[in-house]
Amino acid sequence: MCGIVGYTGFQDAYDIVINGLRRLEYRGYDSAGIVLEGPDNKLEVEKTKGKVDDLVNISKDLKGKFNIGMGHTRWATHGVPSDRNSHPHLSNNGKIAIVHNGIIENYDTIKTMLTEKGYTFKSETDTEVLVNLIQYFMELNPEIDFPTAVRYALNEVYGAYAITVLHEDYPGVLVVGRLGSPLAIGIGDKEYFIASDASPFVEFTKEAIYLEEGHMATISLENGVDIRTINDNSKIEPEIQQLKLSLEQIEKGGYEHFMLKEIFEQPKSIHDTMRGRLLVEEGVIKMAGIWDHVERFKNANRIIIIACGTSWHAGLIGEYLIEEYARIPVEVEYASEFRYRNPIITDKDVVIAISQSGETADTMAALKLAKEKGAFIYGICNVVDSSIARITDAGSYTHAGPEIGVASTKAFTAQLTILTLIAFKLGKHNGNLGNADFMSLIAELDAIPKRVEEVLSSTHEQIQQIAKDFVSTSNFLYLGRGYNYPAALEGALKLKEISYIHAEGYPAAEMKHGPIALIDENMPIVIIAPKKGHYDKIVSNVQEIKARKGKIIAVVNKGDRQVSEMADYVIEIPETSECFSPIVASVPLQLLAYYIAVYRGANVDQPRNLAKSVTVE
Ligand code: M6R
């Protein structure tokens, strides 16, 4: 959601900023802009509604002339996507430029105050208020410098932000700040980069500082990086990290879309999630995060899983896993609902927060609430050092590698893998999972990457054919039972996110309580029907659909007969224990959503209105 890129150094700032914005496109946006500072110290601004390509069309004359600048991709919150609302925004005196991610919640009060003092506003954004507040403080206190004015302004606002600011009278100086929205500073040789994540600068440097919450930095070639706390200006020693990210990981590598690449990466990403944790020959699961706090889990009244979207679906499967194997009661909550319903939380509760990005505002707010009430917080995040990962008491990274397609695929199966490991580990420890069953389950888990590879190679072409028949469909129903009910929800979410076809997921047995009314010869129904998992009951559900002439796309185990005979389309997956079937069954559903969307001409990696990390509530 929104992206920031900044640069100062010896290279062409225009190229660095534009290419950096392209690397951040995955975050989701609807407008883009750039500001560059010339040798005469004047600020050159170009911005537009639309994509980075549209920005390039109006700004290419700026190429090759500047060594310092910054850019932004905006995902509209305050004000529609438009040229005027795009960032950068300038102060009334035209000297200060800002780009901003996040929301200034008290912007209206500040705007009223500034308006009374004669300030005018060209846009509807909260960001333009902030840049004028900086100008206001500089005029009010002529003795203070530009970074101090930024600090004063940031102390007056509340909400969430990552900002980068330039001032004509302070040539060569970039001021950045962060609260609730990530910002990284890349340290090169005689150059500095700023970005919402490291992807825009990983090809130039492997050294980065991740700005901490409530910190700001003044960056210049002359004085390097000076980090201060926003509230009291205390100096902070920078902690330089070595980036593990590689360029290859954030490029498409010959695939048409990141989403397809990420679907095909799953055998590896699931394996990477288990690497060093699942030691089959030794018969152990090593997870320091769990082991160090195993008594907290063992003595927990209950586990509450909080998450949003796809991560919430993973949480539902986590509930099945943990209750079945560890026999600890689990509740799964949408983070956004949990936070606002005055939940009962005690210090006997363990909260697991699941988030691919580790930046989701709703999940962050919910876990802060749980923390305040004394619960133990365990994080499952994909992005290393993300905000959620930093504030949890303990946790496990999924290690799925960067996920760039907005529709989550490999992060989901990695989350399921971690939850499986947790359930087995806790079950073994508290005696609910006997040694023989444990050994057989972990051996099967170890082979899951292979099973996923089989599914990819056996279904890829077939699904392309099936997808062609559903390009013009308006509705889809996804059904599953037990572990595969959340898998059905996830299949439906994937389809609607990227193809814009209305799709609903339901527990198969619930169909007769309502959705059955929708079924006729035009309604495609994807039904997940593996052998292990209430198969007989599913057969009855399929019969009910057949009797109403629904079009059945069945995901079944190899050699299946009963469901396959009734289905219009049959997708075969290998047989596994029921607890692993959502991982294996999700793969063809991801491919189905992907190809339907591609054939409809949709922008698969950047679907309309969606953002990769949802950093606003
Ligand atoms: O980064 P998170 O896992 O916290 O994100 C949660 C949801 O926003 C996310 O899963 C969303 O539903 C995806 N677009 C799903 O494909």
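Ligands are counted one by one from 1 in listed order, and the atoms in each one are counted from 1 as well.
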*So which protein heavy atom does atom 8 (O) of ligand 1 come closest to, and at what separation?*
Val614 CG2, 3.9 Å

*Can you tell me which residue and heavy atom of the protein come closest to atom 1 (O) of ligand 1, and the distance to 0.1 Å?*
Ser357 OG, 2.6 Å

*Please verify whether a non-hydrogen atom of Leu610 lies at under 4.0 Å from ligand 1.*
no

*asked:* Between the side chains of Glu372 and Lys368, is the shortest nitrogen-to-carboxylate-oxygen separation below 4.0 Å, so that they form an ion pair?
replied: no

*Heavy-atom side-chain proximity of Thr310 to Lys494 below 4.5 angstrom*: yes

*Applying a strict 4.0 Å limit to heavy atoms, is Ala407 in contact with ligand 1?*
yes

*For Val157 and Glu105, run side chain to side chain contact (heavy atoms under 4.5 Å, CB included): C-alpha distance rounded to whole Å, both residues' side-chain angles, the deciding distance at 0.1 Å, then the answer.*
CA-CA 7 Å; Val157 300; Glu105 287 176 8; over 6 Å; no

_Give me the nearest non-hydrogen protein atom to atom 13 (C) of ligand 1 as residue plus atom name, then the distance to 0.1 Å._
Glu497 OE2, 3.3 Å

_I'd like to check the salt bridge (Lys or Arg N to Asp or Glu O under 4.0 Å) partners of Arg390; sequence neighbours left out, ordered by chain and number._
Glu212

*Is any side-chain N of the basic residue among Arg302 and Asp349 closer than 4.0 Å to the acidic one's carboxylate O?*
yes

_Numbered atoms and elements of ligand 1 in range of Val406, under 4.0 angstrom, heavy atoms_ = 13 (C), 14 (N), 16 (O)

*Judging by distance only, is a nitrogen or oxygen of Thr310 under 3.5 angstrom from one on ligand 1?*
yes

*Partner set under side chain to side chain contact (heavy atoms under 4.5 Å, CB included) for Val330, not counting sequence neighbours*: Ile303, Ile305, Glu319, Ile322, Glu323, Val332

*asked:* By the definition side-chain contact (heavy atoms from CB on, under 4.5 Å), identify the one residue from Cys381, Ser387, Ser386 that meets it with Val383.
replied: Ser386

*asked:* Heavy-atom distances under 4.0 Å decide this one: backbone, side chain, both or neither, for Glu359 against ligand 1?
replied: neither

*Is any N or O atom of Lys494, backbone or side chain, closer than 3.5 Å to an N or O atom of ligand 1?*
yes

*Return the residue, atom name and 0.1 Å-rounded distance of the protein heavy atom closest to atom 2 (P) of ligand 1.*
Thr360 OG1, 3.2 Å

*Quick one: does Leu493 get an N or O within less than 3.5 Å of an N or O on ligand 1?*
no

*Would Glu25 and Lys51 pass as an ion pair if we require N to O under 4.0 Å?*
no

*Salt-bridged, Glu203 to Arg23, with N to O below 4.0 Å?*
yes

*What is the nearest protein non-hydrogen atom to atom 6 (C) of ligand 1, stated with its residue, atom name and distance?*
Cys308 O, 3.3 Å

*What atoms of ligand 1 come closer than 4.0 angstrom to any heavy atom of Ser355?*
1 (O), 2 (P), 3 (O), 4 (O)

*Heavy atoms only: which of Ser311, Ala611, Ser386 is nearest to atom 3 (O) of ligand 1?*
Ser311

